[in-house]
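Heads up: numbering here begins at 1 and tracks the sequence. Heavy atoms only: backbone and side chains are in, while hydrogens, waters and symmetry mates are out.
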Amino acid sequence: MFSEEMICSLNDLELEVYKYVVRNADKVCYMRIREFADAAHVSTSTILRFCKKAGCDGYAEFKIRLRQHLEQHKERINELYKKQREDLI
């Protein structure tokens with residue numbers, strides 16, 4: 001869902017959003033944008049910029065695509081997110 005090119009294009013705040021998604025993907029799918037922004041310590045505008053860079057028209061589309069991605073790749077994602085969490089810590 002997140003290409004290396006997309007991740008490299010993120011500014012510092014958007015990178016914080018990405019890290020939050022990696023750590024909490026299962027929760028983000030069900031959060032309102034304000035809840036997500038508060039939890040990631042960024043503005044809703046930052047969330048929307050992140051969603052655009054992820055190739056979505058907005059936050060609603062991002063949540064749908066994230067949910068679909070999680071369902072399609074459950075086992076592989078668990079392994080990758082575990083590795084990414086370790087790398088981020």
Side-chain angles (χ1 to χ4, degrees):
M1 179 164 182
F2 304 113
S3 68
E4 186 175 340
E5 181 181 336
M6 179 266 193
I7 295 166
C8 289
S9 76
L10 300 175
N11 66 32
D12 291 343
L13 290 175
E14 294 161 351
L15 191 57
E16 290 304 313
V17 173
Y18 168 75
K19 289 176 183 179
Y20 189 86
V21 171
V22 168
R23 293 181 187 124
N24 302 284
D26 55 329
K27 295 177 188 174
V28 172
C29 293
Y30 301 99
M31 294 174 120
R32 293 187 170 117
I33 192 168
R34 169 58 35 212
E35 295 170 325
F36 183 19
D38 289 345
H41 307 290
V42 298
S43 69
T44 55
S45 296
T46 300
I47 301 291
L48 291 172
R49 281 194 309 272
F50 173 82
C51 293
K52 296 270 186 197
K53 287 187 178 181
C56 300
D57 289 331
Y59 183 60
E61 182 182 349
F62 174 77
K63 289 194 314 181
I64 291 167
R65 289 181 59 192
L66 180 59
R67 222 174 295 154
Q68 290 172 341
H69 182 76
L70 291 172
E71 285 299 316
Q72 292 172 354
H73 301 94
K74 255 183 190 169
E75 283 184 37
R76 185 165 181 256
I77 287 171
N78 287 336
E79 293 172 18
L80 290 174
Y81 283 160
K82 182 179 176 184
K83 183 183 181 318
Q84 286 181 339
R85 281 188 202 120
E86 291 169 358
D87 291 345
L88 292 173
I89 297 173

By side chain to side chain contact (heavy atoms under 4.5 Å, CB included), L15 pairs with (sequence neighbours left out) I7, L10, Y18, K19

Taken to the nearest 0.5 Å, the spacing of C8 SG from E5 CD works out to 8.5 Å

Residues at least two apart in sequence or cross-chain that pass side chain to side chain donor-acceptor pair (under 3.5 Å) with K53, listed by chain then number, are E14

Heavy-atom closest pair (G58 atom, C51 atom, distance to 0.1 Å) is O-CB, 3.9 Å

Minimal heavy-atom distance between T44 and I33, with the atoms involved, is O-CD1, 3.9 Å

For A25 and L70 the tightest heavy-atom approach is O-CD1, 3.8 Å

Here the side-chain hydrogen bond (donor to acceptor under 3.5 Å, both in side chains) pairs for residues 58-68, sequence neighbours left out, are none

Separation between CG (D26) and CE (M31), nearest 0.5 Å, reads 10.0 Å

Contacts of K52 meeting side chain to side chain contact (heavy atoms under 4.5 Å, CB included) (sequence neighbours excluded), chain-then-number -> none

Please table the atom pairs, donor to acceptor, closer than 3.5 Å between any side-chain atom in residues 34-41 and protein atoms at least two apart or in another chain.
residue	atom	partner	partner atom	Å
R34	NH1	D38	OD1	2.7
E35	OE1	R32	N	2.7

Closest non-hydrogen atoms of L13 and N11, given as atom of the first, atom of the second and distance, are N-OD1, 3.0 Å

Residues at least two apart in sequence or cross-chain that pass ring pair (Phe, Tyr, Trp, His ring centres under 6.0 Å) with F62, listed by chain then number, are F50

